[in-house]
Asks: 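If you scroll down you'll find the structure; I have some questions about it.
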There are 2 protein chains.
Amino acid sequence: MSSRSASPSSAPPSSGRITLREVARALGVSVATVSNAYNRPDQLSAALRERVLDTARTLGYGGPDPLARSLRRGRTGVIGVVYDAPLEYAFADPAAALFLGSLAQSLQAASLNLLLLASPGDPQTDPLAPVQGASVDGLIVYSAAQDSELLRAVLARSLPTVLVDQPVPVDQSVLGDQNGQPAQDHRAQTSGVQIDDAGGARLAAQHLIDLGHTHIGVLCLELGPRQGGGPVTPERERQVAYHPTAERLRGYREALAAGPSGTRLFLTEAERNTPSDGERCTLALLQSEPEITALLCMSDVLAQGALRAAHSLGLSVPQRLSVIGYDDLPGSADLKLTTVWQPTSEKGQQVGEAMLALLGGQIPPDVRLPTRLVVRGSTAARPKTGVQVNRLPSPP
Amino acid sequence: MSSRSASPSSAPPSSGRITLREVARALGVSVATVSNAYNRPDQLSAALRERVLDTARTLGYGGPDPLARSLRRGRTGVIGVVYDAPLEYAFADPAAALFLGSLAQSLQAASLNLLLLASPGDPQTDPLAPVQGASVDGLIVYSAAQDSELLRAVLARSLPTVLVDQPVPVDQSVLGDQNGQPAQDHRAQTSGVQIDDAGGARLAAQHLIDLGHTHIGVLCLELGPRQGGGPVTPERERQVAYHPTAERLRGYREALAAGPSGTRLFLTEAERNTPSDGERCTLALLQSEPEITALLCMSDVLAQGALRAAHSLGLSVPQRLSVIGYDDLPGSADLKLTTVWQPTSEKGQQVGEAMLALLGGQIPPDVRLPTRLVVRGSTAARPKTGVQVNRLPSPP
DNA sequence: CTGTTAGCGCATTCAA
DNA sequence: TTGAATGCGCTAACAG
């Protein structure tokens with residue numbers, strides 16, 4: 001890759017980058033003095049310090065090497081954010097972007113930067129390599145399947161860790177120690193921040209039930225990593241790997257159980273959290289279940305696709321089809337989307353603060369943030385029975 | 001912060017983290033062997049390797065310390081992305097998110113991760129510290145004011161660098177060397193990827209002129225870092241610090257110059273690239289210039305705000321007010337927004353590839369990507385003269 | 001195949 | 001105030 005000479009027994013300022021030592025030598029002072037000029041100005045005279053900084057500039061020395069400094073100090077000033085999906089569409093989700101933005105902001109206050117760690121889509125490379133090999137002071141897990149290798153790898157690093165929208169595993173065996181030596185208890189360094197996923201979902205489903213809907217479609221986020229999408233069988237539903245998905249589903253079911261019997265849910269799983277996938281799922285769902293008059297979407301992004309599908313089908317919203325999202329993205333108001341709001345920015349901030357606390361040696365309590373139903377224009381009472389609800393065109 | 005004992009002359013496995021050496025000692029082998037077990041499996045017998053890995057696990061050793069490894073190897077596997085704005089709203093811009101996503105994806109192919117480097121909003125901390133102190137193999141500048149301290153600091157690091165939507169400075173003096181020692185020529189390690197900002201802008205303005213509009217409002221992105229926003233005076237216009245803003249403005253002006261005389265532009269500057277700021281600017285602009293029948297927005301985000309403003313003012317789009325955006329975000333199609341498309345994802349990919357090339361010691365040619373006008377439903381011919389175009393309600 | 005050695009570039013005791 | 005010495009934890013020669 002590079003042809004840099006690697007001479008073990010080398011002449012001093014051989015190639016490329018200038019070091020602190022060379023600056024010291026050029027000035028005839030010790031390395032400690034130069035180091036102090038940068039790190040402890042009070043340890044030398046202002047005049048000398050000025051001289052040091054000056055010749056450093058002259059030599060083109062840009063200050064202490066961050067890497068060496070980190071090694072020596074034992075801190076990197078970097079916090080890793082772990083995704084279990086390729087980053088390409090971590091960013092495609094506005095809710096994720098929002099979260100990251102506020103997280104970054106709260107960490108910046110402590111001069112910490114964010115390192116994005118994503119499992120590569122490429123199955124060649126080890127998906128654990130990023131978390132295992134990152135030089136970071138702490139790790140934030142944005143969404144990892146429960147009981148996954150990835151989560152295990154994160155906890156195995158025994159770094160300050162914050163789990164977002166995901167319970168902190170209590171079982172030490174996640175660390176997979178098999179011999180006598182007990183693994184360190186990661187919980188001392190692990191904290192969690194979650195929203196009331198199930199509660200919000202319950203409110204959403206309740207709202208539709210109150211409006212008289214009896215056949216309700218559900219557009220699910222992924223149930224597990226790299227699975228297919230499509231209709232959700234009961235078995236599949238039992239082994240949901242992503243916690244938010246599981247919780248929202250639970251919320252929907254709870255509302256259903258509390259409502260009039262005879263109401264039914266029709267579940268379908270999106271492959272990705274994108275509008276176009278939401279559209280595709282909606283089309284498929286309405287095709288196979290024409291009696292559906294309302295849709296519960298696990299994200300506003302998916303709901304946006306549902307709205308598109310309704311439009312292309314000529315089904316007016318909310319008269320013929322009610323749609324509810326989740327997240328309440330900025331922009332959802334323009335769409336007049338009824339949805340479940342979650343405090344995305346605050347979540348980012350709380351995560352940042354939890355990390356800061358952990359870094360400071362404290363153990364912050366787990367945080368649980370509320371959700372709310374925001375009723376806008378995309379939901380209405382179920383169309384009267386007897387009317388032909390969905391006139392679906394035959395598939396193209 | 002922590003009470004870790006720092007004993008210089010210490011007993012071997014004192015506290016906390018296990019090291020490679022301790023694993024070696026526990027096994028009675030040399031450190032090289034343990035290192036090889038991780039890095040060069042072909043250098044030892046499978047059996048021994050297994051034994052090594054086993055006892056490592058037993059001891060709770062999670063593999064070589066990434067930091068020390070980086071120091072030794074001279075590579076970190078991290079690429080820094082530099083913003084000149086607080087990250088909190090770097091993410092708020094979907095175009096930025098899209099770009100970052102595809103960038104991350106293309107870098108992941110080479111097992112590189114992205115470190116987000118933003119100048120803190122907090123004026124206390126040194127805004128250059130992040131770029132100066134980041135342990136990275138390369139730097140990508142997403143948007144920095146021309147001739148800024150920040151840009152200088154980036155180039156001063158003499159790392160492989162890719163400038164996005166921004167010309168590569170040719171003037172060596174940006175490095176600010178004042179003494180005899182000439183600074184290294186950064187251009188050997190610097191490459192640029194841009195879009196045809198001006199061309200797209202020209203098409204947009206041309207489109208409005210062709211439709212007969214004569215009084216055109218312009219919603220500008222920030223002209224320079226941390227400035228006020230509001231009406232743009234000619235002086236301000238002459239010293240635009242952000243290259244894309246300058247180029248788009250130039251494109252608008254070019255179309256104007258080529259069109260019928262008498263057509264006028266009314267410029268206003270947004271403080272931030274957000275819908276609500278776009279809305280605010282639109283309101284202010286239409287208030288002070290009621291003859292405006294069309295708006296050129298420098299981003300779709302701003303255009304979205306313009307649409308909102310038009311809606312709240314009761315001005316129908318496009319009958320009473322034409323609106324053009326810039327970027328063509330996913331979602332803009334749903335808004336039926338006429339806009340200038342740019343290859344955001346491809347840009348990210350090209351930037352990634354340029355960085356990879358630089359890292360490989362090559363010097364990739366600068367890349368220039370095309371833009372296109374996408375005409376949708378938000379633009380139409382200028383309303384007939386004589387009609388009271390804007391009946392503005394008095395300000396609330 | 002395995003062990004020894006010499007630093008990567010720096011921050012920090014401690015003695016001067 | 002300043003300087004000399006000691007690793008942070010690891011990898012890459014090279015010698016055995």
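These numbers come from a predicted model, not from an experiment. Here is how names work: the chains are called A, B, and so on, in the same order as the sequence lines, proteins then strands, and each is numbered from 1.
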Asks: Salt-bridged, B:R57 to B:D54, with N to O below 4.0 Å?
Replies: yes

Asks: Given C:dT2, C:dT12, D:dT2, which nucleotide is nearest the side-chain atoms of B:L48?
Replies: C:dT2

Asks: Under 4.0 Å: is that the gap between some side-chain N or O of A:S30 and OP1 or OP2 of D:dA4?
Replies: no

Asks: Please compare B:A68 and B:D42 by the position of their nearest nucleotide in DNA chain C and report the one closer to 5'.
Replies: B:D42

Asks: For the CG atom of B:L359 and the CG atom of B:L112, what is their distance to the nearest 0.5 Å?
Replies: 6.0 Å

Asks: Please confirm whether the shortest side-chain N or O distance from B:R21 to OP1 or OP2 of D:dC8 is below 4.0 Å.
Replies: yes

Asks: Any side-chain N or O of A:Y61 less than 4.0 Å from the OP1 or OP2 oxygen of C:dC10?
Replies: yes

Asks: For the side chain of A:R73, counting heavy atoms from C-beta on, which of C:dG9, C:dA11, C:dT2 is nearest?
Replies: C:dA11

Asks: Hey, does the side chain of A:D137 reach the backbone of A:I79 with a donor-acceptor pair shorter than 3.5 angstrom?
Replies: no

Asks: If you only use heavy atoms from C-beta on, which nucleotide in C:dT2, C:dC10, D:dT2 is closest to the side chain of A:D65?
Replies: C:dC10

Asks: Specify the closest pair of heavy atoms between B:L128 and B:A153, including all atoms of both residues, with the distance to one decimal.
Replies: CD2-CB, 4.1 Å

Asks: For D:dG9, does either OP1 or OP2 sit under 4.0 Å from a side-chain N or O belonging to B:T19?
Replies: no

Asks: Nearest to the B:L71 side chain among D:dC10, D:dG9, C:dG3, which nucleotide is it?
Replies: D:dG9

Asks: Specify the separation, in whole Å, of atom CG of B:N39 and atom P of C:dT2.
Replies: 16 Å

Asks: Atom CG of B:L20 to atom P of C:dG3: distance rounded to whole Å?
Replies: 13 Å

Asks: Whole Å only: how far is the CZ atom of A:R69 from the P atom of C:dC10?
Replies: 9 Å

Asks: Find the distance B:Y38:OH to C:dT2:P and express it as a whole number of Å.
Replies: 16 Å

Asks: Just by modelled atom types, is the A:N36 backbone N or O under 3.5 Å from a matching donor or acceptor in the A:Q43 side chain?
Replies: no

Asks: Can you check the A:R72 CZ to D:dC10 C1' distance for me, whole Å?
Replies: 16 Å

Asks: Counting side-chain heavy atoms from CB outward, which of C:dG9, C:dA11, D:dT1 is closest to A:S45?
Replies: D:dT1

Asks: In terms of relative ring orientation, are A:Y38 and A:Y61 parallel, tilted or perpendicular, with 30° and 60° separating the classes?
Replies: perpendicular

Asks: Starting at atom CG of A:N36, determine the distance to atom C1' of C:dC10, rounded to an integer number of angstrom.
Replies: 12 Å

Asks: Work out how much the helix from C:dC1-D:dG16 to C:dA16-D:dT1 bends between its end axes, five pairs an end, to the nearest 10 degrees.
Replies: 40°

Asks: Tell me whether the OP1 or OP2 atom of D:dT1 has a side-chain N or O from A:R49 closer than 4.0 Å.
Replies: no

Asks: Can a side chain N or O of A:S35 be found less than 4.0 Å away from OP1 or OP2 on C:dC10?
Replies: no

Asks: Could you give the CG-to-P distance, from B:L44 to C:dG3, as a whole number of Å?
Replies: 10 Å

Asks: With the side chain of B:Q43 defined as its heavy atoms from C-beta on, choose the nearest nucleotide among C:dC10, C:dT2, D:dT2.
Replies: C:dT2

Asks: Are A:V164 and A:S143 side-chain neighbours, meaning at least one heavy-atom pair lies under 4.5 Å?
Replies: no

Asks: Within the 3.5 Å criterion, strictly below it, is a donor on A:N39 or A:R69 matched to an acceptor on the partner's side chain?
Replies: yes

Asks: To the nearest Å, give me how far apart CZ (A:R40) and P (C:dC10) are.
Replies: 16 Å

